[in-house]
Structures are given as C-alpha cells and as structure tokens.
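As the structure lists them, so they are numbered: ligands from 1, and atoms in each ligand from 1.
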Amino acid sequence: MKKHLVGFIAVLLLTLGFNAQASDDKEKEVKIKTSAICEMCKERIERNLAFEKGVKESSLNLTDKVITVKYNPKKTDVSKIKANIAKTGYDADEVTADEKSYSKLPGCCKKSSSMSHGDHQ
Ligand SMILES: [Cu+2]
C-alpha cells in the first residue's frame, strides 16, 4: 500500500512537472526599455523585430519608450531580441545601440544630443 502511494505521488509530481514545462514553452512576454523617440523609431524597431525568428508580436509605447515583445522561448530569447533592437540602432535596456546603425538613423531619431560625445564623421 505504501509503495503504491509513493508511486502515485511520483506520477503526480511528474505530471505536474510536465505541465509546468509545457506552459513554459508557450509564448512569453518581455518588456524592454529602448531609446526610441518618434513614430518612425517605433515602426523601425517593430518592423525589424518582426523579422527576428521566434518573435510573434511587438508593440512600442512611445510615452515610456518601453517595447513589449511576445516571443516563443523555444526559438529565441531576451538577449537575441535586445541584440536585434541594438542592431536597429537603439538601446535595449543594458545593451547599447549598434554604432553603425545608429549613425544611419535620421537626426530626429537620435538620442538627445545634449550629451556631447564625439559623434563626428
Ligand atoms: Cu524617430
């Protein structure tokens, strides 16, 4: 009887474990702070993210500059999503914008120029 009970509990725990894992495979959501400024930035970032494997949906809020990305954790992860945004020319949390992409952005889309850093060509 005791053995059966132990077996039953083991099966129960396994089932619960699998269920937890299964729900983990479903789409996840992450919020990333970007350096987007205007509507063009928003479109640019969202468009490029749409090409990133595993990204299902992204929506940038221009008020707080936070982008909400829905993704498949089996196909991509947060660091790849941040790298994609950086490659577009924008900061993504602790990841700084790719310099080359950033330099190609229209002037209105660049981070506040009040912080002077040698950005001459
Ligand atoms: Cu812009």
Side-chain angles (χ1 to χ4, degrees):
M1 181 61 199
K2 257 192 177 171
K3 266 188 179 172
H4 274 126
L5 193 64
V6 170
F8 175 73
I9 289 171
V11 169
L12 190 74
L13 285 177
L14 268 174
T15 313
L16 285 175
F18 276 124
N19 277 344
Q21 213 172 17
S23 68
D24 223 36
D25 284 344
K26 281 184 190 163
E27 85 179 21
K28 280 191 169 185
E29 196 182 280
V30 63
K31 287 181 189 294
I32 300 167
K33 175 94 171 162
T34 72
S35 54
I37 292 166
C38 67
E39 198 69 30
M40 274 162 62
C41 303
K42 173 181 158 76
E43 276 176 27
R44 193 176 288 119
I45 293 174
E46 289 176 357
R47 189 182 57 220
N48 281 355
L49 270 178
F51 288 116
E52 180 74 20
K53 197 180 152 197
V55 172
K56 303 201 163 175
E57 208 183 303
S58 67
S59 162
L60 197 150
N61 183 334
L62 280 173
T63 314
D64 56 12
K65 303 174 195 312
V66 169
I67 189 163
T68 306
V69 184
K70 285 181 183 166
Y71 65 99
N72 181 339
K74 265 187 173 175
K75 292 183 180 164
T76 190
D77 55 49
V78 175
S79 66
K80 282 181 189 161
I81 293 168
K82 286 180 183 173
N84 179 294
I85 296 171
K87 202 109 212 307
T88 309
Y90 298 92
D91 291 348
D93 283 346
E94 75 285 352
V95 184
T96 20
D98 180 88
E99 260 179 62
K100 273 188 192 162
S101 312
Y102 176 74
S103 67
K104 286 180 194 157
L105 293 179
C108 69
C109 293
K110 296 194 176 179
K111 288 175 259 181
S112 164
S113 52
S114 58
M115 293 182 292
S116 59
H117 50 80
D119 197 20
H120 45 77
Q121 277 156 330

Looking only at heavy atoms, the pair that brings S58 and I67 closest together is CB-CD1, 4.0 Å
Return the set of protein N, O or S atoms whose distance to the Cu ion (ligand 1) is under 2.8 Å, each given as residue and atom. C38 SG, C41 SG, C109 SG
Rounding to 0.5 Å, atoms CD1 (I37) and OH (Y90) come to a distance of 7.0 Å
Donor-acceptor check, side chain of T88 to backbone of N84, threshold 3.5 angstrom: yes or no? yes
Over all atoms of both residues, closest heavy-atom pair of K111 and Y102: N-OH, 3.0 Å
Distance, nearest 0.5 Å, that separates OG1 of T34 from NZ of K42: 10.5 Å
Restricting to pairs with a member in residues 80-89, which pass salt bridge (Lys or Arg N to Asp or Glu O under 4.0 Å), not counting sequence neighbours? K82-D93, K82-E94
